Protein chains: 2
Amino acid sequence: MRPTKRDELVEKALAIFYQNGFHATGMDRLVADTGISKTSMYKHFRTKEDLILAALTLRDKLFRDWLVQRIEEAAATPRERILALFDVLGEWFASADFRGCMFIKASAEFQNHNHPVRQQSAEHKQLIQKYIQKLAEQAGLPQPVNLARQIIILKEGAIVATHVSGSKTAASDAKEAAEQLLSSPRS
Amino acid sequence: MRPTKRDELVEKALAIFYQNGFHATGMDRLVADTGISKTSMYKHFRTKEDLILAALTLRDKLFRDWLVQRIEEAAATPRERILALFDVLGEWFASADFRGCMFIKASAEFQNHNHPVRQQSAEHKQLIQKYIQKLAEQAGLPQPVNLARQIIILKEGAIVATHVSGSKTAASDAKEAAEQLLSSPRS
DNA sequence: CTAAAACTGTACCGATCTGTCAACCTTTTT
DNA sequence: AAAAAGGTTGACAGATCGGTACAGTTTTAG
């Protein structure tokens with residue numbers, strides 16, 4: 001069991017779905033762009049949906065690993081790391097292939113609330129929120145659960161403001177807001 | 001020129017696109033669900049894309065009219081109205097047919113940054129931001145442009161947290177954050 | 001009342017959709 | 001050396017996609 005071809009497929013499919021959308025990307029396009037035969041694809045994944053789910057799983061891993069690593073490189077204390085989140089988001093927004101959050105897009109395309117794609121998206125968001133909450137607890141900040149929820153709201157808002165509205169300042173706007181949340185006495 | 005049928009089509013198409021997605025909704029589905037013949041549709045709109053754009057135009061009008069009206073009913077002073085935004089969003093989130101922001105979804109499905117759908121989405125967001133900015137100016141708050149950008153980030157974030165993550169508290173979380181932005185001395 | 005305008009259903013076009021099939025290579029295991 | 005496993009191509013279903021053609025019916029306006 002040396003699934004290098006399968007991994008290659010998921011990797012490339014992830015990039016194409018991210019750049020091109022899920023429904024808008026046909027299997028024939030995947031064949032053309034990955035160089036992997038359709039038969040092989042359907043040997044590894046019973047349906048297109050299974051492939052999408054595998055791509056999202058990989059995306060979750062890659063994105064969270066990258067995010068945590070960059071945050072921990074950028075700042076040393078828990079409190080600084082919460083703020084560093086927005087610097088790291090700013091890096092992401094500035095990268096050439098930024099196309100918004102893959103899980104927001106996935107949730108936009110799959111309407112059924114119980115769809116596995118939706119559940120995976122919710123889990124991804126939940127895991128990031130838990131990470132922020134952990135930092136807030138380590139920093140000894142009051143009401144870490146509420147604070148983490150607010151930080152996540154700023155994060156999602158910054159992503160949308162950048163992607164949909166084309167804002168160039170969203171990361172720093174959100175960071176300034178976060179600074180006030182950290183410094184103000186909590187209600 | 002009494003375009004009641006055309007208006008009816010756009011209205012119904014808007015609801016279907018919102019609930020079902022753009023690419024996922026075929027013209028045949030529109031025919032079946034609206035009771036309007038395909039021939040008529042293509043007499044009013046040259047392409048599906050034109051119909052989508054008309055639906056988004058209507059959505060922009062309906063949503064902004066509703067938002068402003070509800071805000072102005074809910075609070076009297078500009079400062080209170082900024083905060084009332086989040087109460088009104090909370091109403092929207094709690095409504096049975098809430099499916100996220102139509103323009104975020106549209107931007108998720110149409111990748112090309114220059115696509116008219118994207119431009120329309122950006123304009124919609126811009127108009128709401130200008131409204132908040134005007135309230136901030138009327139309230140005499142410092143740095144109304146920055147503040148409006150941050151309020152909008154909280155708004156978009158609350159929408160995503162509710163729709164994607166399934167948060168029940170996003171509207172009030174965002175409102176609390178907004179209260180701190182309004183009360184803190186601006187950097 | 002009549003004629004234009006608007007709307008209707010149905011059948012169809014070529015392209016594309018997800019998914020399958022059989023036949024043939026290449027590599028690894030035995 | 002041969003069998004098994006996994007890869008390949010390419011053609012092909014059957015459904016659906018956006019969009020059109022056509023002939024008939026309903027609504028509206030003078």
Side-chain angles (χ1 to χ4, degrees), chain A residues 1-57 105-106 108-112 115-118 120, chain B residues 1-58 105-106 108-112 114-118 120:
Chain A
M1 209 176 297
R2 195 97 0 259
T4 111
K5 209 76 179 185
R6 181 196 156 109
D7 292 353
E8 184 192 337
L9 168 59
V10 176
E11 247 174 77
K12 291 186 175 174
L14 163 55
I16 296 168
F17 283 138
Y18 180 56
Q19 303 286 330
N20 206 59
F22 298 96
H23 288 126
T25 304
M27 296 302 280
D28 289 335
R29 165 88 123 99
L30 291 180
V31 171
D33 286 16
T34 65
I36 296 168
S37 72
K38 207 191 278 195
T39 314
S40 291
M41 290 182 184
Y42 278 97
K43 199 148 284 178
H44 287 300
F45 300 98
R46 269 184 46 260
T47 63
K48 180 186 180 182
E49 189 180 306
D50 285 353
L51 175 57
I52 290 173
L53 291 171
L56 287 179
T57 299
K105 292 160 75 123
E109 288 208 44
F110 295 86
Q111 318 292 326
N112 182 346
H115 195 288
V117 162
R118 294 290 295 269
Q120 228 174 309
Chain B
M1 210 176 297
R2 194 89 12 250
T4 114
K5 211 74 179 185
R6 180 196 156 109
D7 292 352
E8 184 192 338
L9 167 59
V10 176
E11 247 174 78
K12 291 185 174 173
L14 163 55
I16 296 168
F17 284 138
Y18 180 57
Q19 302 285 330
N20 207 59
F22 298 96
H23 288 127
T25 303
M27 296 302 282
D28 290 336
R29 166 89 123 98
L30 290 179
V31 171
D33 286 17
T34 65
I36 296 168
S37 71
K38 206 192 275 198
T39 314
S40 289
M41 291 184 185
Y42 279 96
K43 198 148 285 179
H44 288 301
F45 300 99
R46 269 184 47 260
T47 63
K48 180 186 182 184
E49 189 180 305
D50 285 353
L51 175 57
I52 291 174
L53 290 171
L56 288 179
T57 299
L58 177 61
K105 292 161 75 122
E109 288 209 44
F110 295 86
Q111 317 293 328
N112 182 347
N114 299 322
H115 195 289
V117 163
R118 294 289 296 269
Q120 228 174 310

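Order of the sequence lines sets the chain letters (A, B, ...), proteins ahead of strands, with each chain counted from 1. All of these numbers come straight from a predicted model, not from anything done at the bench.
One atom, CZ of B:Arg29, and another, P of D:dC17, lie 10 Å apart when rounded to the nearest Å. If you take NZ of B:Lys43 and C1' of C:dA4, they are 13 Å apart, rounded to a whole angstrom. Look at CD on B:Glu49: it is 15 Å from C1' on D:dC17, rounded to the nearest Å. Distance A:Met27 CE to D:dA15 C1': 16 Å, rounded to the nearest Å. C:dG19 atom C1' lies 13 Å from atom CG of A:Asp50, rounded to whole Å. To the nearest angstrom, C1' of C:dC17 lies 14 Å from CE of A:Met41. Distance CD1 (A:Ile36) to P (D:dG10): 16 Å, rounded to an integer number of Å. Taking atom CG of residue B:Asp7 and atom P of nucleotide C:dA6, one finds them 14 Å apart after rounding to whole Å.
Of the listed nucleotides (D:dG18, C:dG19, C:dC7), D:dG18 has the atom at the smallest distance from the side chain of B:Lys48. Considering only the side chain of B:Lys38, D:dG18 comes nearest among C:dG19, C:dG9, D:dG18.
The phosphate of C:dC7 has neither OP1 nor OP2 within less than 4.0 Å of any side-chain N or O from B:Lys5. Considering only side-chain N and O atoms, B:His23 lies nowhere under 4.0 angstrom from the phosphate OP1 or OP2 of C:dC17. For the pair A:Tyr42 and C:dG19, the criterion of a side-chain N or O lying under 4.0 Å from OP1 or OP2 is met. At D:dT8, one or more side-chain N or O atoms of A:Ser40 fall inside 4.0 Å of OP1 or OP2 (strictly under the cut-off).
Each of A:Ala24 and A:Arg46 was assigned the nucleotide of DNA chain C with the nearest heavy atom; the assignment lying further toward the 5' end belongs to A:Ala24.
Inter-residue side-chain proximity for A:Phe17 and A:Leu30 is flagged as met; some heavy-atom pair is nearer than 4.5 Å. Counting heavy atoms from C-beta outward, A:Lys12 and A:Asp33 have side chains that stay 4.5 Å or more apart.
Relative to the six-membered ring of A:Phe22, A:Lys105 misses at least one condition, a distance below 6.0 Å or an angle of at most 45° to the axis.
Side-chain N/O atoms of B:Thr57 and B:Gln120 include a donor and acceptor closer than 3.5 Å.
With B:Val10 as the partner, the side-chain contact (heavy atoms from CB on, under 4.5 Å) test is satisfied by one option alone out of B:Leu56, B:Leu58, B:Thr34: B:Leu58.
Across all strands, A:Thr39 comes closer than 4.0 Å to base atoms (heavy-atom distances).
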